[in-house]
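Have a look at the structure below before the remarks.
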Amino acid sequence: MKLSNSYFFTLRENAKDEDSVSSNLLVRAGMIKKLANGIYMILPMGKKVLEKVEYIVRDEMDKHGCQELLMPALIPEDVYVSSGRRESFGSNMFALKDRYNKPYVLGPTHEELFAITAAMDGKSWKDFPYNLYQIQTKYRDETRPRYGLIRVREFIMKDAYTFDKDEAGLDVAYANMYDAYNKIFDRMGLNYKIVRADTGVMGGLLSEEYQAISSIGEDIVVGCEGCDFSSNEEITEVVDTLQDDTAQELPLEKIYTPNAGTIEAVSSFLGKEPKDFVKTLIYCADGKLVAFVLPGERELNETKASKLLGALELTLADAEQVKEATGARIGFAGPVGLNIPIYMDRQVAHKKNFIVGANEDDHHYKNVNLKDFTPTAVADLTEVMEGDICPKCGQKLTFEHGIEVGNLFKLGTKYSQAMNLLYLDQNNKLEPVWMGSYGIGLERCMAAVADQYHDENGLMWPDDLAPFRAGIVIVNMKDEQQVEQANKFYEFAKSQGMDLLLDDRNERAGVKFKDMELIGIPHRFTFGKGVAQGKVEYVLRKTGEKVEVAIEDLPALLNKIYNR
């Protein structure tokens with residue numbers, strides 16, 4: 001492509017309103033442009049990168065026996081009502097009505113539609129196994145879109161679904177997709193980890209995520225110093241290593257703690273440490289108030305809490321709801337005398353003579369013990385933290401940020417039973433189909449690679465993802481020899497099916513060099529003064545290495561770059 005005949009959207013200055021280095025660089029490089037919060041245009045350079053991502057994904061899907069189709073994005077709401085997921089998606093799902101007042105939604109995910117499609121063909125045990133996939137736009141009304149393409153309201157996703165007659169078949173299909181995903185992300189050059197994860201609104205038997213390691217990742221990837229344990233923070237078990245307190249139980253005592261409504265404030269007021277406290281958090285679970293009781297130095301893991309309660313929606317109670325539950329303002333809640341369900345973290349069971357809120361403004365209880373209140377249930381409810389140990393080998397846990405770029409779900413029979421996806425087995429008995437679901441966010445992959453591959457000068461795409469693998473810069477457009485030789489080289493490359501970027505704009509050479517670096521072109525050929533001596537400068541973007549190459553040797557070098 002010749003830049004003189006193309007739109008070019010690079011920016012010299014940092015982009016406004018972009019909250020990460022990678023999204024800023026993607027905007028500055030002319031790859032994307034924000035239209036509204038969580039909604040981006042993909043510009044010509046970005047579209048070429050996205051096509052490279054899509055090519056890798058589609059290539060591996062096809063190699064692993066998947067058949068591609070295309071689902072609608074506009075879907076009757078009843079489809080999600082039938083599966084029981086309309087309520088669980090809630091306000092995250094874009095909803096609208098047509099001119100006949102019939103309710104529709106913009107598809108956030110397509111399990112139900114794939115189940116409907118499978119029901120058209122999967123009637124007998126002889127029809128299995130098979131695998132369908134699509135590359136389609138999804139819509140989710142994110143509460144807080146951020147980090148450019150990482151969390152958006154409209155995004156392109158590859159979702160695949162496997163259909164088998166039993167769990168053993170699902171295991172084989174899952175392993176096949178696991179292999180495909182490893183190959184996909186390896187080909188993209190991503191530094192990633194595979195972690196166990198929460199099944200969330202998808203449900204099912206098992207979920208694993210592909211997390212691209214990133215400083216801006218929203219997820220916490222928990223690993224281990226001593227083994228291969230890897231898990232998403234939201235489901236990682238906190239190993240209970242506390243020993244029972246052997247102290248004598250002391251009499252319960254109410255104490256005055258003026259304006260001390262936080263652990264830190266009460267700790268300072270009483271000269272105690274957070275571990276001496278047990279905090280009580282009031283939440284609203286599907287419209288009902290509940291309390292969570294946990295060690296003062298720990299934080300509630302809302303995923304674990306939601307799982308324990310089977311709650312579709314779990315939100316921290318507001319001041320009015322706290323007042324309703326405790327009779328006090330926020331900061332003074334405690335389990336003693338509380339008349340709502342109490343869910344206690346299992347580590348509290350080891351404690352004695354701890355401090356809690358007294359459900360009265362400016363007051364706490366000290367010397368509280370387990371006999372002073374009755375929990376509804378006891379479970380692992382807290383988030384892992386520095387110093388915790390691995391549930392697999394007992395060594396110290398490690399923590400990294402990650403961007404979820406792909407996921408695998410063993411759905412089992414959840415959707416087939418809800419959508420009446422049944423087949424006749426060898427004994428003419430109706431059985432539910434076993435399903436798996438496998439997703440990849442294409443724009444997320446693009447953003448994750450940009451996050452991992454850049455320097456102070458711009459993007460540094462791997463060869464297989466760059467919008468153009470190689471670029472040509474003409475230093476002086478008034479020098480006929482430079483122009484002639486550059487165009488001759490460009491036309492040769494085109495004749496060989498190689499897509500090069502030719503910068504023949506009437507700009508200073510420095511501007512052209514900076515744009516090539518900003519866009520992230522891996523290989524650059526500079527046609528400058530050396531052309532008069534039959535030489536061209538070759539620059540490798542990744543290392544900055546520069547070498548002079550004889551013009552007659554350029555075709556051989558180009559073939560090497562393009563793996564010919």
Side-chain angles (χ1 to χ4, degrees), residues 238 240-285 288-302 304-305 308-309 311 314-383 385 387-388:
V238 175
D240 186 3
T241 58
L242 291 183
Q243 300 296 313
D244 287 341
D245 189 339
T246 58
Q248 181 180 354
E249 292 185 1
L250 301 174
L252 182 69
E253 180 182 349
K254 184 187 289 187
I255 53 177
Y256 180 53
T257 52
N259 299 315
T262 66
I263 293 289
E264 293 75 17
V266 186
S267 298
S268 176
F269 183 78
L270 298 178
K272 296 287 187 179
E273 297 180 20
K275 65 182 180 64
D276 298 319
F277 292 78
V278 167
K279 61 185 173 187
T280 303
L281 303 175
I282 309 299
Y283 271 75
C284 184
K288 297 180 180 179
L289 296 177
V290 298
F292 295 102
V293 174
L294 48 147
E297 73 276 15
R298 294 274 179 176
E299 299 299 328
L300 179 71
N301 183 308
E302 293 185 356
K304 294 178 183 178
L308 177 65
L309 273 62
L314 185 70
T315 56
L316 194 62
D318 59 28
E320 185 176 336
Q321 290 170 320
V322 171
K323 184 77 172 179
E324 175 190 343
T326 69
R329 66 179 187 266
I330 292 175
F332 298 95
V336 180
L338 200 57
N339 293 318
I340 60 174
I342 298 170
Y343 298 92
M344 187 179 82
D345 182 71
R346 64 189 182 187
Q347 294 182 90
V348 176
H350 300 288
K351 292 177 174 288
K352 285 185 179 179
N353 302 321
F354 46 86
I355 301 166
V356 301
N359 299 320
E360 180 182 339
D361 287 351
D362 298 328
H363 285 81
H364 281 75
Y365 282 121
K366 70 176 183 178
N367 301 331
V368 177
N369 291 283
L370 296 181
K371 64 181 175 58
D372 297 316
F373 64 95
T374 303
T376 304
V378 178
D380 171 22
L381 290 171
T382 61
E383 293 184 351
M385 57 189 286
D388 284 344

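Because only heavy atoms are used, hydrogens play no part in the values below, and waters and symmetry mates are left out as well, while side chains stay in.
Side chain of K351 to backbone of K275: a donor-acceptor contact under 3.5 angstrom is found. Of the possible donor and acceptor atoms, none in the side chain of K366 sits under 3.5 Å from a partner among the backbone N and O of I355. Side chain of T376 to main chain of P341: no donor-acceptor pair is present (N/O by atom type, distance under 3.5 Å, no hydrogens or angles). Looking at D372, its side chain never comes within 3.5 Å of a backbone N or O of V336 through a donor-acceptor pair. The backbone N or O of K371 sits nowhere less than 3.5 Å from a side-chain atom of N369 that would complete a donor-acceptor pair. A donor-acceptor pair is defined here as one N or O able to donate and one able to accept, closer than 3.5 Å; such a pair exists between the side chain of T326 and the backbone of V322. A donor-acceptor pair under 3.5 Å is formed between the side chain of N353 and the backbone N or O of L250.
Screening residues 316-339 for salt bridge (Lys or Arg N to Asp or Glu O under 4.0 Å), with sequence neighbours left out, gives R329-D361, R329-D362. Within the structure, the ring-ring contact (aromatic ring centres under 6.0 Å, His included) test picks out the following pairs touching residues 356-383 (sequence neighbours left out): Y256-H363, F332-H364.
The CG atom of L294 sits 9.5 Å away from the CD atom of Q347 when rounded to the nearest 0.5 Å. Remark: C284 SG to Q321 CD distance equals 5.0 Å, nearest 0.5 Å. From N367, atom CG reaches atom CZ of F354 across 10.5 Å, with rounding to the nearest 0.5 Å. The structure places CG of D240 at 8.5 Å from CG of D380, a figure rounded to the nearest 0.5 Å. Rounding to the nearest 0.5 angstrom, the gap separating the CZ atom in F277 from the CD1 atom in I263 is 6.0 Å. Here CG of N359 is found 7.5 Å from OG1 of T280. Values are rounded to the nearest 0.5 Å.
No option in T382, V378, L381, L242 other than V378 meets the side-chain contact (heavy atoms from CB on, under 4.5 Å) test with R346.
A side-chain donor-acceptor contact under 3.5 Å links E302 and Y283.
Listed by chain and residue number, nothing satisfies the salt bridge (charged side-chain N to carboxylate O under 4.0 Å, His left out) test with E297 (two or more places apart in sequence, or in another chain).
No side-chain heavy atom of V278 sits less than 4.5 Å from a side-chain heavy atom of P295. Proximity of T262 to V266: side-chain heavy atoms (C-beta onward) are nowhere separated by under 4.5 Å. A 4.5 Å side-chain heavy-atom check between Y343 and L300 finds every atom pair outside the cut-off. A 4.5 Å side-chain heavy-atom check between P335 and V356 finds at least one atom pair inside the cut-off.
Of all non-hydrogen atoms in A265 and A260, the two that sit nearest each other are CB-CA, 3.8 Å. In plain terms, the two heavy atoms of D244 and A349 that are nearest each other are OD1-O, 4.5 Å. Across E273 and S267, no two heavy atoms sit closer than the pair C-OG, 4.0 Å. Shown here for A317 and L289, the closest heavy-atom pair between the two residues is CB-CD2, 4.4 Å.
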Exercise. Starting from the C-alpha separation in whole Å, work towards a yes-or-no answer on side-chain contact (heavy atoms from CB on, under 4.5 Å) for V238 and D388.
Key: CA-CA 7 Å; V238 175; D388 284 344; 4.1 Å; yes

Self-check item: Intermediate values then yes/no, side-chain contact (heavy atoms from CB on, under 4.5 Å), L270 and I255
Solution: CA-CA 10 Å; L270 298 178; I255 53 177; 3.6 Å; yes

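A salt bridge links E360 with K254; the closest basic N to acidic carboxylate O contact falls under 4.0 Å. Between R298 and D345 there is no salt bridge, since no side-chain nitrogen of the basic residue lies less than 4.0 Å from a carboxylate oxygen of the acidic one.
Shown here is K272, whose NZ atom has no more than 12 heavy atoms of other residues, nucleotides or ligands within 6.0 Å.
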